[in-house]
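First listed ligand is number 1; within each ligand, the first listed atom is number 1. Computed from a predicted model, the values in this text were never measured in an experiment.
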Amino acid sequence: MNPTTPALRYAFALLACLWIGSAWSNEAPKPPKAGIASANLLATDAGHQILAAGGNAFDAAVAVAAVLGVVEPESSGFGGGGFFLLRRASDGKTVMVDAREKAPMAATRDMYLDENGEAVAGRSRNGPLAAGIPGQPAGLVHLAENYGRLPLAQSLAPAIKLAAEGFPFGKKNHALIGFRVDILAQSPAAAAVFLRDGQAPEIGTMIVQPDLARTLQALADQGNAGFYAGEVAKTMVAGVRAAGGIWTEQDLADYRVVERAPMVTQYQDYQVITAPPPSSGGVALATIFNILNGYEYENLSPLLQNHLLIEAMRRAYRDRAIYLGDPDFVQVPTEMLLHPHYAAGLRASIRLDRATPSDALPGIETEPGGTDTTHFSIIDRDGNLVAATLSVNLPYGSAFMAPDTGILLNNEMDDFSAKAGTPNAYGLVGEDANAVGPGKRPLSSMTPTFLVGPDRTAVIGTPGGSRIITMVLLGALTLIDGGSAADAVARPRIHHQYKPDAVSTEPGAIDADGVAALSEMGHVVSPNERTWGNMHVVVWDRADDRVDAASDPRWEGVGKAEVK
Ligand code: GLY
């Protein structure tokens with residue numbers, strides 16, 4: 001490898017950065033059409049309806065997120081939270097609205113441990129004790145009030161209608177409820193909405209949510225006061241506490257979104273703009289890109305490319321476990337982790353002919369994660385961008401619905417490290433940085449991302465727990481390499497998260513010879529029959545004056561990408 005190459009590439013990247021800055025002025029061209037890609041066709045349609053009514057991408061984001069919260073309760077909702085990455089075309093302002101849930105003030109570091117000091121998984125995953133204070137309602141109010149053109153009530157209207165009139169229970173709702181039927185059955189309000197005779201509803205069953213419609217109308221009419229104060233707040237807190245939870249009305253009254261500066265890194269001639277802590281996604285993505293920046297990655301053999309990807313993933317997930325947490329509570333050494341010298345140090349520990357056993361790096365135990373959460377991508381005709389990844393954590397969140405409110409609560413508290421070194425539902429472990437603390441946000445893997453190159457702007461993200469980061473990485477590499485939105489979402493995936501020390505592969509990701517060669521190098525390759533993720537991408541090719549969008553083929557017929 002030519003040692004001068006990384007320096008030259010770095011210089012080129014800086015020039016590209018300057019170019020991008022100028023491209024984001026008022027003189028910048030506008031997209032010929034708007035693109036929206038989301039996990040549900042009703043949500044994508046609602047977003048386009050709001051654009052057609054004169055709204056911008058941020059109004060559309062309110063509509064899409066709200067509809068997803070009604071029709072995709074397994075993945076996100078008003079009882080959950082998430083990250084909205086925004087870029088406003090008029091002034092180039094790029095910001096992440098952090099609407100992540102917060103631990104209630106009565107939360108304690110050891111609240112999920114038993115008398116022997118062992119983590120009790122059920123406590124942080126099921127029922128109201130598992131729920132953080134929701135951020136999504138405040139996130140939508142913030143978007144409408146600070147970035148949108150339309151009144152909040154107008155952007156929420158499609159969701160309110162679907163809650164009041166019902167939506168047909170679909171393939172994905174059904175596929176994921178199987179994991180949570182027993183827990184949903186323990187919450188009478190949740191069971192009344194989502195179960196039929198204690199069982200999963202048939203596909204096509206109409207799910208009507210009158211309580212949710214009422215709560216959303218209060219949010220539409222009163223903004224934050226309609227959810228975080230007054231009757232709705234009182235009723236939610238009473239329901240939570242009656243079922244063993246620890247929320248107070250003050251917790252709700254005190255909830256605020258935070259605007260955070262996005263994490264920006266450079267790969268080849270692309271600026272990668274992504275989620276900062278309390279997401280681990282941006283730091284991990286930047287670490288991996290920084291490692292790859294030291295090689296002529298695109299010119300390597302597929303075997304070496306896969307080897308380097310795995311080694312970079314291994315190191316990024318190790319750092320995730322050790323260093324990352326809520327930046328409002330812990331000192332996250334972001335500057336160190338993103339420094340080119342740090343990446344050079346990580347590169348120095350990578351052999352090109354052998355896998356590094358994860359045990360050669362300080363150890364944690366993990367197991368693979370599942371599919372949940374949701375993501376949508378929007379580019380409007382003004383060039384405004386939204387990448388939003390929203391979550392209730394596991395399918396159907398905590399499976400607890402606060403009676404009379406229609407709000408299905410998240411179980412995002414499981415994203416804390418209940419006990420140092422003990423894996424959460426995604427097999428991820430953490431240390432003190434991500435310990436439970438009152439008012440703290442749990443570390444997330446959600447990685448909404450913009451890619452900005454000389455001729456192309458892309459919006460990308462996906463659900464998938466601990467695998468989100470590696471999925472966004474692979475999708476981004478495809479797009480940077482010139483692939484289409486459809487190529488990026490369809491690309492077969494590989495994943496390594498440090499522990500367990502194994503590479504998961506989707507069918508078709510690595511052929512038999514590739515698996516044999518990686519095994520020969522010391523990698524443990526664990527081919528999966530199943531697939532993961534649900535990626536939604538919108539691409540604006542500025543040189544061709546073309547907007548393209550694609551939804552993940554793994555959920556064919558459920559998601560919808562549409563350019564209008
Ligand atoms: N609840 C999934 C995540 O935030 O990573």
Subject >> Presence of salt bridge, Lys93 and Glu259, under 4.0 angstrom >> reply: yes

Original post:
Considering only heavy atoms of Asn393, which atoms of ligand 1 have at least one such atom less than 4.0 Å away?
Top reply: 1 (N), 2 (C)

Original post:
Is the shortest distance from a Lys or Arg side-chain nitrogen in Arg125 or Asp414 to a carboxylate oxygen in the other one below 4.0 Å?
Top reply: yes

Original post:
Any idea which atoms of ligand 1 are less than 4.0 Å away from a heavy-atom of Asp415?
Top reply: 1 (N), 2 (C), 3 (C), 4 (O), 5 (O)

Subject >> Neighbour count above 12 (heavy atom, 6.0 Å) for Met105 CE >> reply: no

**OP:** State whether Arg493 and Asp552 are salt-bridged, where the test is any N-O pair (Lys NZ or Arg NE/NH1/NH2 against Asp/Glu carboxylate O) under 4.0 Å.
**Re:** yes

Original post:
Is the distance between the ring centroids of Tyr396 and Phe194 under 6.0 Å?
Top reply: yes

Original post:
What atoms of ligand 1 come within less than 4.0 Å of a heavy atom belonging to Ser391?
Top reply: 1 (N)

Original post:
At under 4.0 Å between heavy atoms, which part of Arg467 makes contact with ligand 1: side chain, backbone, both or neither?
Top reply: neither

Original post:
Going by the atom numbers of ligand 1, which of them fall below 4.0 Å from some non-hydrogen atom of Glu412?
Top reply: 1 (N), 2 (C), 4 (O)

**OP:** Answer yes when Glu412 and Arg100 have at least one side-chain N-carboxylate O distance shorter than 4.0 Å, and no when they do not.
**Re:** yes

Subject >> Ligand-side contact atoms (ligand 1) for residue partner Arg100, heavy atom cut-off under 4.0 Å >> reply: 4 (O)

Subject >> Test of proximity, Thr373 against ligand 1: N or O pairs below 3.5 Å >> reply: no

